[in-house]
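Just so it is clear, the model here is predicted, and its values are computed rather than measured. Note on naming: letters A, B, ... go to the chains in the order of the sequence lines (proteins, then strands), and numbering restarts at 1 for each one.
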Number of protein chains: 2
Amino acid sequence: MEQIHDSGKRCLSILSSDENEELYSKSNSLNFEAGELIIKKGTPVNNIYFLKSGIVELSLNEAPHRQILNLLFDGEFIGINCVFSTAQYRFSARALTNCSIELLDKETFTKLLKANSTLSMAFIQYISWVNEGFLNWQMKLKEKNSAGALAFLISEFQKNFDSNSFEIPLTRQEMARIIGFSKESVLKNLADFRKEGLINSNGKSITIIDALRLEEIAKYG
Amino acid sequence: MEQIHDSGKRCLSILSSDENEELYSKSNSLNFEAGELIIKKGTPVNNIYFLKSGIVELSLNEAPHRQILNLLFDGEFIGINCVFSTAQYRFSARALTNCSIELLDKETFTKLLKANSTLSMAFIQYISWVNEGFLNWQMKLKEKNSAGALAFLISEFQKNFDSNSFEIPLTRQEMARIIGFSKESVLKNLADFRKEGLINSNGKSITIIDALRLEEIAKYG
DNA sequence: ATCAGAGGGTGTAATTTTACACCTGCGTAA
DNA sequence: TTACGCAGGTGTAAAATTACACCCTCTGAT
């Protein structure tokens, strides 16, 4: 079987126009500003959040020492594992950039899943794919030192932009919580990367100068 | 919605006797001895491995520095994320104890998933539940120091046994690779636990003496 | 205009973890 | 029987990471 998913969008594109109309008649469009809380841990699962645009962070705990689980980019469902396995969300979701979200009705989506086996198979493939990707991401981070993990994070962000210059919508502290090291380790590694001519950085703006060597560090050899 | 899954067994118990017969007419029972490789990374996904008894380890790489992803206990599907999202298994699975496995035919299972919406919903719930659990496990490990992570691992094993005395079918090296620290860290923390009267241990046998304090260390506060 | 807070940044000390060296006992293959 | 390898175990030195102290700049509120 070939890999057919590039994101959660594929699931929604499978719906017939009737099904689509039924789903969207009961859904709402929401906009969140950068920094806003989208889902608070413990909230009952009544809706399915589909991220139309923006970047979202999932974290286990609220401030101040929240552990960041994962980043979601546009085209993904937010917290999809909780929708069909727990009564409440088991983490919090926060907008890192301005976000546009479609709030689908869970009952309607469930009804469509049951009625449309093409959709349910696509959905099974989607959550398998998304979890497999998440698992790989975590494992790759786990086996790296602080420099490698930071380089890896920067490289991953770069994949979502066309240019070598882009903005990472994270504070140093947040980057630290994603890769599992301290804020100071992030700052010192960034300083090293600058000194060695791998990147330029100024606040949240970053320019990758030597992508090859950065990739090498990300691989941690 | 209440949480309805305790393991992958629930999915199989949904089948009608006709469906059950169809699935098992094309399946094989296999036994693996402790240490045997069950799935080699890169193997094409043609079957679905259901773990009837035993403990299995998933790892990203072969020896010598393999990173251990996860442990699976009886009643789980092995590597279920790969079945519907990739053409090849992206990790290796190895028997830690003697294992009994049912090798289901992927095409037949897929056919049943498409035909039986109760099964497909149960399966969606199962993979959501299993991945949510795995994610939680990884996050809990990530936020701990070496002593906390080791105490956590021991506590998790204890949940699968009735007694305070049990065998952990892992070498110190393997325990280290699961919790993400070095072999020496595991050994030194075990020695500390013994000195402080939290456990007794002799090779793979372990007896928990002070479960309360071990839990406290596992929580790392 | 000033003040407070947040974020970026750096140096140094303390702590944690790893690496290395080496010892033990046990099983097993020659 | 011997010898080898493997796993458990421990001490010490080296390396990596964190914690703390403190700096600067910017921004928004009073």
Engineer: Which nucleotide, D:dG11, D:dG9, C:dG9, lies nearest any side-chain atom of A:R172?
Structural biologist: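 For the A:R172 side chain, the nearest candidate turns out to be C:dG9.
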Engineer: Answer yes when A:K159 and A:E156 have at least one side-chain N-carboxylate O distance shorter than 4.0 Å, and no when they do not.
Structural biologist: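 Answer for the salt bridge query: yes.
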Engineer: Look at the side chain of B:E184 and decide which nucleotide, out of D:dT10, C:dT17, C:dT12, has an atom nearest to it.
Structural biologist: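 So the side chain of B:E184 is nearest to D:dT10.
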Engineer: Measure from the side-chain heavy atoms of B:K183 and tell me the nearest of D:dG9, D:dT18, C:dA19.
Structural biologist: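 The closest nucleotide is D:dG9.
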Engineer: In this structure, how many angstroms lie between the P atom of C:dG8 and the CD1 atom of A:I168, rounded?
Structural biologist: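 One finds 11 Å between P of C:dG8 and CD1 of A:I168, rounded.
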Engineer: Can you check whether A:S182 has a side-chain N or O nearer than 4.0 Å to OP1 or OP2 of D:dT17?
Structural biologist: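 A:S182 to D:dT17 OP1/OP2: no side-chain N or O under 4.0 Å.
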Engineer: Measure from the side chain of A:L187, starting at C-beta and using heavy atoms only, and say which of C:dG9, C:dA19, D:dT17 lies closest.
Structural biologist: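 Of C:dG9, C:dA19, D:dT17, C:dG9 is nearest to the side chain of A:L187.
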Engineer: Knowing that exactly one of B:K204, B:K183, B:R94 qualifies, which makes a salt bridge (Lys or Arg N to Asp or Glu O under 4.0 Å) with B:E174?
Structural biologist: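 The salt bridge (Lys or Arg N to Asp or Glu O under 4.0 Å) with B:E174 is passed solely by B:R94 among B:K204, B:K183, B:R94.
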Engineer: Whole angstrom is fine here: how far is it from CG in B:N189 over to P in D:dG11?
Structural biologist: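 For the pair B:N189 CG and D:dG11 P, the rounded distance is 14 Å.
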Engineer: To the nearest angstrom, how far is B:L190 atom CG from D:dT10 atom C1'?
Structural biologist: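 In whole Å, D:dT10 C1' and B:L190 CG are 13 Å from each other.
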Engineer: Looking only at side-chain N and O atoms, does B:R194 come under 4.0 Å of OP1 or OP2 in D:dG9?
Structural biologist: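 True: B:R194 side-chain N/O within range (under 4.0 Å) of D:dG9 OP1/OP2.
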Engineer: Mind calculating the distance between CD1 (B:I179) and P (C:dT18) to the nearest angstrom?
Structural biologist: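 For the pair B:I179 CD1 and C:dT18 P, the rounded distance is 9 Å.
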Engineer: Could you tell me whether B:R172 and B:E184 have a side-chain N and a carboxylate O separated by less than 4.0 Å?
Structural biologist: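 No.
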Engineer: Ignoring backbone atoms, test whether A:S146 places a side-chain nitrogen or oxygen under 4.0 Å from the OP1 or OP2 oxygen of D:dT17.
Structural biologist: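 For D:dT17, OP1 or OP2 has a side-chain N or O of A:S146 closer than 4.0 Å.
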Engineer: Reading DNA chain D from 5' onward, which residue's closest nucleotide shows up sooner: A:K144 or B:K204?
Structural biologist: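 The answer here is B:K204.
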Engineer: Between A:F84 and A:F123, how do the two ring planes meet: parallel, tilted or perpendicular, split at 30° and 60°?
Structural biologist: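 A:F84 vs A:F123 ring planes: perpendicular.
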Engineer: Find which nucleotide of DNA chain D each of B:N202 and A:N145 is nearest to by heavy atoms, and output the residue with the more 5' nucleotide.
Structural biologist: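 Upstream on the strand: B:N202.
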Engineer: Rounded to the nearest Å, what distance is computed from the CG atom of residue A:L141 to the P atom of nucleotide D:dT17?
Structural biologist: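 For the pair A:L141 CG and D:dT17 P, the rounded distance is 13 Å.
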Engineer: In whole angstrom, give the distance that lies between atom NZ of B:K188 and atom C1' of C:dT18.
Structural biologist: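 The distance from NZ of B:K188 to C1' of C:dT18 comes to 8 Å, rounded to the nearest Å.
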Engineer: From C-beta outward on B:T171, which listed nucleotide comes closest to its side chain: C:dG11, D:dA7, D:dT10?
Structural biologist: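 Closest nucleotide among those given: D:dA7.
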Engineer: Between D:dA7 atom C1' and B:I206 atom CD1, what is the distance in whole Å?
Structural biologist: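 In whole Å, D:dA7 C1' and B:I206 CD1 are 16 Å from each other.
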Engineer: Send over the distance from B:Q173 CD to D:dG8 P, rounded to a whole Å.
Structural biologist: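 For the pair B:Q173 CD and D:dG8 P, the rounded distance is 9 Å.
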Engineer: Under 4.0 Å, counting only non-hydrogen atoms across every strand here, what does A:S185 touch: a base, just sugar-phosphate, or nothing?
Structural biologist: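 Base, at least one base heavy atom under 4.0 Å.
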Engineer: Decide yes or no for B:Y89 and B:K40: does some side-chain heavy atom of the first lie under 4.5 Å from some side-chain heavy atom of the second?
Structural biologist: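 No, their side chains stay 4.5 Å or more apart.
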